[in-house]
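Let me begin by presenting the structure, written as structure tokens, before commenting on it.
Note that this is a predicted model, so its numbers are computed, not measured. Counting starts at 1 for both ligands and their atoms, in listed order.
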Amino acid sequence: MSMRIGLGFDSHAFKKGVPLVIGGLHIDHPEGLAGHSDGDLLLHAITDALLGAVSAGDIGTFFPPTDPKWKGADSTVFLNTALEEIALAGYKIVNLDCVLIMHRPKIVPIAGEMRERVADLLNLDIKCVSIKGKTPEGLTQDGTAVAHVVVLLESINLPNEHRKLVLEADVPNEDEIDAALAAVSKPRDITALGRKLPTFDTGDIT
Ligand code: MG
């Protein structure tokens with residue numbers, strides 16, 4: 001068994017008049033987070049941590065902010081693509097630890113609900129998801145929310161026919177992707193995800 005670690009970071013400015021979504025959780029708050037997508041900085045940081053753990057680039061590699069297609073996009077789309085990438089690379093999540101830094105809203109009172117939501121999105125037990133809230137004492141970032149995420153992955157035993165997806169630097173077709181995903185989790189609809197060529201050296205992760 002091999003293990004990989006990934007680090008994710010994101011920040012977004014607060015903005016009046018938009019809904020606040022953090023960790024896929026809709027939060028009642030006077031301001032939301034500005035961004036090309038729905039501004040969910042926690043899901044963005046988790047996505048980057050997952051992609052980084054398998055050297056697959058980052059969220060901008062797959063979903064460039066210059067592409068109008070992703071304007072206002074639900075960030076679970078980004079997360080699901082990262083989950084596909086780690087599954088195709090032959091890994092699954094062990095646990096993740098997240099830190100959210102912002103003055104308001106207070107994270108601690110809603111951390112339990114947020115952990116449940118993130119665990120559900122990642123198909124994990126809630127015990128594998130940690131979310132901590134910090135206030136930015138001494139930092140001049142009153143109007144900004146920041147997220148840091150560390151994720152640990154472990155290798156899975158894929159059948160040989162699926163392992164070849166990783167060994168051959170080839171672009172798998174949708175049937176092959178579905179087959180590989182079915183080996184580790186529930187199949188996902190990838191047709192709407194705008195999936196691009198893997199950018200990582202697949203020889204580096206086997
Ligand atoms: Mg972001």
Side-chain angles (χ1 to χ4, degrees), residues 5-86 93 96-107 110-111 113-115 117-122 124 129-136 139-153 188 190 192-196 198-200:
I5 192 167
L7 172 66
F9 166 86
D10 198 23
S11 65
H12 282 254
F14 280 99
K15 179 183 178 184
K16 287 192 191 311
V18 296
L20 179 61
V21 186
I22 302 179
L25 188 68
H26 289 258
I27 300 163
D28 187 17
H29 192 67
E31 296 181 312
L33 292 168
H36 187 63
S37 65
D38 62 7
D40 191 332
L41 80 167
L42 180 55
L43 294 194
H44 296 177
I46 294 172
T47 298
D48 262 4
L50 292 170
L51 292 174
V54 293
S55 304
D58 66 15
I59 195 168
T61 309
F62 292 83
F63 307 100
T66 50
D67 189 340
K69 185 177 177 181
W70 307 116
K71 185 162 178 55
D74 183 334
S75 294
T76 58
V77 171
F78 311 151
L79 189 67
N80 286 339
T81 294
L83 289 172
E84 289 173 12
E85 290 300 320
I86 68 164
I93 300 171
L96 64 158
D97 190 14
C98 312
V99 180
L100 289 168
I101 307 166
M102 64 193 75
H103 275 298
R104 285 189 175 74
K106 293 295 181 191
I107 296 301
I110 54 175
E113 199 179 352
M114 198 178 287
R115 287 175 63 209
R117 178 71 178 134
V118 171
D120 188 46
L121 290 172
L122 297 173
L124 286 175
V129 178
S130 163
I131 297 176
K132 307 188 295 269
K134 300 287 174 185
T135 50
L139 300 175
T140 52
Q141 59 169 59
D142 287 5
T144 307
V146 171
H148 297 269
V149 173
V150 173
V151 63
L152 184 67
L153 308 183
R188 296 172 192 282
I190 64 157
L193 298 180
R195 192 170 184 282
K196 291 187 170 184
T199 55
F200 56 96

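- Here the side chain of D58 pairs a donor or acceptor atom with the backbone of T61 at under 3.5 angstrom.
- Not a single salt bridge (Lys or Arg N to Asp or Glu O under 4.0 Å) links K15 to another residue, sequence neighbours left out.
- Side-chain contact check for M102 versus I107: some heavy-atom pair is nearer than 4.5 Å.
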Under 3.5 Å, which donor-acceptor pairs link side chains of residues 6-14 to any protein atom two or more places apart or in another chain?
from, atom 1, to, atom 2, distance (Å)
D10, OD2, H12, NE2, 3.0
D10, OD2, H44, ND1, 3.1
H12, ND1, A34, O, 2.6
H12, NE2, H44, ND1, 3.3

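- Between L25 and L42, the closest side-chain pair of non-hydrogen atoms is not below 4.5 Å.
- Taking a cut-off of 2.8 Å, the protein N, O or S atoms nearer than that to the Mg ion (ligand 1) are D10 OD2, H12 NE2, H44 ND1.
- Residue pairs meeting the salt bridge (charged side-chain N to carboxylate O under 4.0 Å, His left out) criterion with at least one partner in residues 30-46, sequence neighbours excluded, are K16-E31.
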